[in-house]
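Report on one structure; see the data block that follows.
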Amino acid sequence: MEEKAKENGIAAMAACYQKFDPAAYLQYNYTPPRADFARKDSIVPWKLACLHRAFTEGDVSGELLVDIGSGPTLYQVMSGCEVFNKLILTDFLEVNRQELRCWLQNEGGCSLDWTPYLEHVCKLEGKRPSAWKEKAGRLRHVISDILPVDVHCSQPLAPETLPLAGADCLVSCFCLESVSPDLPAFTRALGHIGKLLRPGGHLLLIGALGESYYFGGPGVRIPVVPLNEAQVCDSLKESGYTLIRLEVYTLPQDMQVGVDDVTGVFFAKAKKE
């Protein structure tokens with residue numbers, strides 16, 4: 001009976017996503033004020049700074065980086081593409097994978113211009129903003145695949161997708177809490193993706209705090225597990241990770257733009273035991 005309830009909850013979440021609109025989602029969350037590169041308190045620059053630090057501290061290294069639940073976004077791998085020679089993007093939805101392929105193939109028609117993001121990350125790395133073209137070229141060079149993923153499966157990616165030893169690093173941003181019906185499902189999903197990571201490999205996790213819903217398109221209200229910092233730490237520990245650092249961003253009033261009820265964002269850097 002309990003197993004059936006779990007399956008029903010996950011199926012209900014999957015059904016919510018059938019009307020997900022990548023273009024609307026990008027407009028809601030990845031344009032000003034949430035993506036205002038002139039403001040230090042804007043949420044997107046904060047996330048990019050967390051990721052930049054994590055990838056340049058020297059302990060995150062290897063050959064393969066896997067992004068779990070990429071959605072229609074690329075910002076989360078712009079620093080990592082300088083450290084790793086191979087990068088796999090993943091998402092549950094074909095519409096999101098198509099959006100990513102659109103950028104990768106560089107044929108125009110993408111729903112968002114990622115140039116300001118690339119310029120900002122170049123500045124974080126001490127390069128000229130005009131170096132964004134080289135960074136875009138590097139990112140396209142190292143992305144080897146865009147694959148379907150299901151974090152609620154004990155094997156989230158198709159067998160033989162990854163080397164036997166696993167990935168050297170995982171990134172996952174706003175995925176697990178947004179596709180899980182409850183906290184136990186979120187924790188299980190953390191454990192599932194951990195199977196893709198080699199022992200001693202790193203997980204860089206970004207997620208929402210205090211969020212119960214967000215809009216994935218006009219009128220497409222998607223439920224979210226409302227997490228607090230203690231729950232994030234407990235779930236990581238229960239799933240076999242050692243927490244290295246947890247950082248928290250609190251949303252200023254004008255970043256609350258009516259597309260969700262998020263109160264903050266966490267960034268966790270952890271290591272698989």
Side-chain angles (χ1 to χ4, degrees), residues 1-21 25 28-29 47 66-73 76 90-93 95-96 148-157 170-197 203-217 219-243 246-251 256 258-270 272-273:
M1 199 68 156
E2 190 183 333
E3 205 57 46
K4 194 71 182 164
K6 281 183 198 171
E7 287 172 19
N8 289 344
I10 290 164
M13 287 301 305
C16 283
Y17 275 91
Q18 296 316 303
K19 294 180 181 176
F20 186 87
D21 181 341
Y25 173 78
Y28 296 159
N29 295 288
K47 291 187 286 185
V66 179
D67 183 28
I68 301 293
S70 305
T73 67
Q76 63 276 20
T90 71
D91 200 73
F92 181 71
L93 294 176
V95 287
N96 285 336
V149 69
D150 187 344
V151 299
H152 297 304
C153 288
S154 61
Q155 186 64 41
L157 291 173
L170 301 180
V171 178
S172 188
C173 300
F174 302 104
C175 170
L176 305 187
E177 74 280 9
S178 303
V179 300
S180 297
D182 50 36
L183 182 59
F186 168 83
T187 305
R188 284 194 300 275
L190 264 177
H192 292 160
I193 67 169
K195 295 175 184 176
L196 305 173
L197 190 60
L203 169 67
L204 306 179
L205 188 68
I206 292 179
L209 292 170
E211 183 177 50
S212 69
Y213 75 91
Y214 78 98
F215 283 104
V220 183
R221 186 182 169 110
I222 298 175
V224 180
V225 179
L227 298 171
N228 61 41
E229 294 163 58
Q231 288 169 327
V232 172
C233 294
D234 288 347
S235 291
L236 283 165
K237 187 176 181 182
E238 191 179 325
S239 305
Y241 302 94
T242 299
L243 182 64
L246 184 76
E247 299 180 53
V248 171
Y249 167 95
T250 302
L251 247 71
Q256 294 168 1
V259 296
D260 52 44
D261 62 349
V262 66
T263 59
V265 176
F266 70 86
F267 170 80
K269 180 179 180 179
K272 183 176 174 179
E273 293 169 5

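Positions are given from 1, in the same order as the sequence printed here.
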Any heavy-atom pair between the side chains of Y17 and S178 that's under 4.5 Å? yes
Determine whether Y25 and V259 make a side-chain contact, defined as any pair of heavy atoms from C-beta on separated by less than 4.5 Å. no
List the atom of G194, the atom of K272, and the distance in Å for their closest heavy-atom pair. O-NZ, 2.8 Å
Stepwise, does the side chain to side chain contact (heavy atoms under 4.5 Å, CB included) test hold for K47 with F174? CA-CA 11 Å; K47 291 187 286 185; F174 302 104; 3.5 Å; yes
Heavy-atom side-chain contact between E211 and T263 under 4.5 Å: no
So, taking the atom named CG in L236 and the one named CG in L203, what distance separates them when rounded to the nearest 0.5 Å? 6.5 Å
Quick one, L196 with L157, criterion side chain to side chain contact (heavy atoms under 4.5 Å, CB included). Give me CA distance, side-chain angles, the key distance, then yes/no. CA-CA 8 Å; L196 305 173; L157 291 173; 4.0 Å; yes
Given the options V224, L209, L251, V262 meets side chain to side chain contact (heavy atoms under 4.5 Å, CB included) only with L251
What distance separates L205 CG from L190 CG, expressed to the nearest 0.5 Å? 6.0 Å
Taking every non-hydrogen atom, the tightest pair across S239 and S235: OG-O, 2.8 Å
Please check: side-chain N/O of T90 versus main-chain N/O of G69, any donor-acceptor pairing under 3.5 Å? yes
Any chance you could lay out the side chain to side chain contact (heavy atoms under 4.5 Å, CB included) test for Q231 and V225, step after step, and finish with the verdict? CA-CA 11 Å; Q231 288 169 327; V225 179; over 6 Å; no
Parallel, tilted or perpendicular, as decided by the 30° and 60° cut-offs, for the rings of Y214 and F20: perpendicular
Are any non-hydrogen side-chain atoms of I206 and V265 less than 4.5 angstrom apart? yes
State the CD-CG distance between E273 and L197, to the nearest 0.5 angstrom. 11.5 Å
Taking all atoms of both residues into account, what is the closest heavy-atom pair of C233 and L246, and its distance? SG-CD2, 3.8 Å
Is the closest side-chain heavy-atom distance between P223 and S212 below 4.5 Å? no
Give a yes-or-no answer on whether the side chains of E177 and S180 include a donor-acceptor pair shorter than 3.5 Å. no
Rounded to the nearest 0.5 Å, how far does CG of L243 lie from NZ of K269? 11.0 Å
So do the side chains of D260 and N29 get within less than 4.5 Å of each other, counting heavy atoms only? yes
Between P148 and D91, is there a side-chain heavy-atom distance shorter than 4.5 Å? no
Answer with yes or no whether the side chains of E238 and T187 bring together a donor and an acceptor at under 3.5 Å. no
Atom of Y241, atom of A270 and distance for their closest heavy-atom approach: CB-CB, 4.0 Å
Report yes or no: does K19 contribute a side-chain atom to a donor-acceptor pair with the main-chain N or O of V220 at less than 3.5 Å? no
Quick one: NE2 on H192 to CG on L176, what's the gap to the nearest 0.5 Å? 11.0 Å
Would you find a donor on one side and an acceptor on the other, under 3.5 Å apart, between the side chain of H152 and the backbone of V179? yes
Could you tell me whether the side chain of V149 reaches within less than 4.5 Å of the side chain of V66, counting heavy atoms only? no
Nearest heavy-atom contact between I68 and S172 is O-OG, 3.0 Å
To the nearest 0.5 Å, what is the distance between CG (L93) and CD (Q18)? 6.5 Å
Evaluate the criterion side chain to side chain contact (heavy atoms under 4.5 Å, CB included) for residue pair F186 and L227; output intermediate values, then yes/no. CA-CA 10 Å; F186 168 83; L227 298 171; 3.7 Å; yes
